[in-house]
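The basis for the numbers below is simple: all heavy atoms, side chains too, and nothing from hydrogens, waters or symmetry mates. Lettering of chains follows the sequences in order, A, B, ..., and the numbering in each one begins at 1. Keep in mind that what you see is a predicted model, and the values were worked out from it rather than measured.
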Amino acid sequence: MAYSDKVIDHYENPRNVGSFDKSEKGIATGMVGAPACGDVMKLQLKISDAGVIEDAKFKTYGCGSAIASSSLVTEWVKGKSLEEASTIKNTDIAQELALPPVKIHCSILAEDAIKAAIEDYKSKAE
Amino acid sequence: MNYFELFGLPVSYDLSVGELKDRYRDLQRAFHPDRYAAGSQSEKLLAMQKATEINDAFATLKSSVERAEYMLKLAGLDISHETTTLKDPAFLMQQMEYREHLEEIQNLSDPLDEIMAFEDQLAEEHQNLVKNISVLLAQDEHQKAAAEVRKLKFIEKLQAELERLEDQAS
């Protein structure tokens, strides 16, 4: 199976790899995994008091498509409000990266990672 | 006829691999294409279909994950092609640490001792999950059993990665 140029670019030059210090203010963490392939994805958002995502980092163990999907969403969520970020759909990710049908679950994983991080933020705020 | 019936075994997650292999050999012999060499075209075709079914059944029943998925499917819960996302943070954090450990091992000049130790650790986790699955399936707790099967898939993925490292190292 051939990867698209965009997947290869994100895979070879992943954006925003790493972690934030969890004790830092406004850090939300989303952890998700795909049982079908054993991929694990951690997405962290740095959220301002006004509810805007200032920065994002990820760490993904998985295939090229999973890494590219998470790398892409770290770019997409920056500067967005939580409401805006929560509207990012796996189909947008899959389309941008030209993922083949068998790799759609990688984009679902990335969408779920954003949702999980937002949930984490909201549960901490309560 | 389900795979368990085909092998003359009770529908139970706990099965003896030795017994499974014995039955497999008996069935293979009984439906070997050579036995039907003098038979009609339709007999040959039937024997070949049966031989294929026997092979599929053996592969399914032998595997801890596939046997559980098959039993869940018999119970009406098909999880074998799902794209469900697992969201158990504690389990996933542990998986993340395991993957990091795998990376560390990869960078060691003499990794074999670490590989063995990690193998033992994963084998123990595998065993615990298999025990849980067995109990939950016997209690018809299908959703709970499915959750444990999903975890088992992560462990088996790690075991496969570790095996690959071991092949490279030795």
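Residues A:M31 and B:M93 meet the side-chain proximity criterion, which asks for heavy atoms closer than 4.5 Å. Put simply, the side chain of A:V7 reaches to within 4.5 Å of the side chain of A:L99, judged on heavy atoms. Contact check for B:F118 versus B:L102: side-chain heavy atoms found under the 4.5 Å cut-off. Residues B:L137 and B:L72 are in side-chain contact: their nearest non-hydrogen atoms beyond the backbone lie under 4.5 Å apart.
Most heavy-atom pairs under 4.5 Å with chain B, from the set A:G30, A:A113, A:C37: that is A:C37.
Within a 6.0 Å sphere centred on CD of A:Q95, other residues, nucleotides and ligands contribute 12 heavy atoms or fewer.
For A:A34, the part sitting under 4.5 Å from any heavy atom of chain B is the backbone (N, CA, C, O) and nothing else.
The residues A:E24 and A:K46 are annotated as salt-bridged, a charged nitrogen and a carboxylate oxygen being separated by less than 4.0 angstrom.
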Taking 3.5 Å as the threshold, show me the donor-acceptor pairs across chain A and chain B, one per line with distances to 0.1 Å.
residue, atom, partner, partner atom, Å
A:G33, N, B:L86, O, 3.0
A:G33, O, B:L86, N, 2.7
A:C37, O, B:K157, NZ, 3.4
A:G38, O, B:R99, NH2, 2.9
A:K59, NZ, B:E100, OE2, 3.0
A:Y61, OH, B:E103, OE1, 3.1
A:D112, OD2, B:T85, OG1, 2.5

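In plain terms, the two heavy atoms of B:L9 and B:L15 that are nearest each other are CD1-CD2, 4.5 Å.
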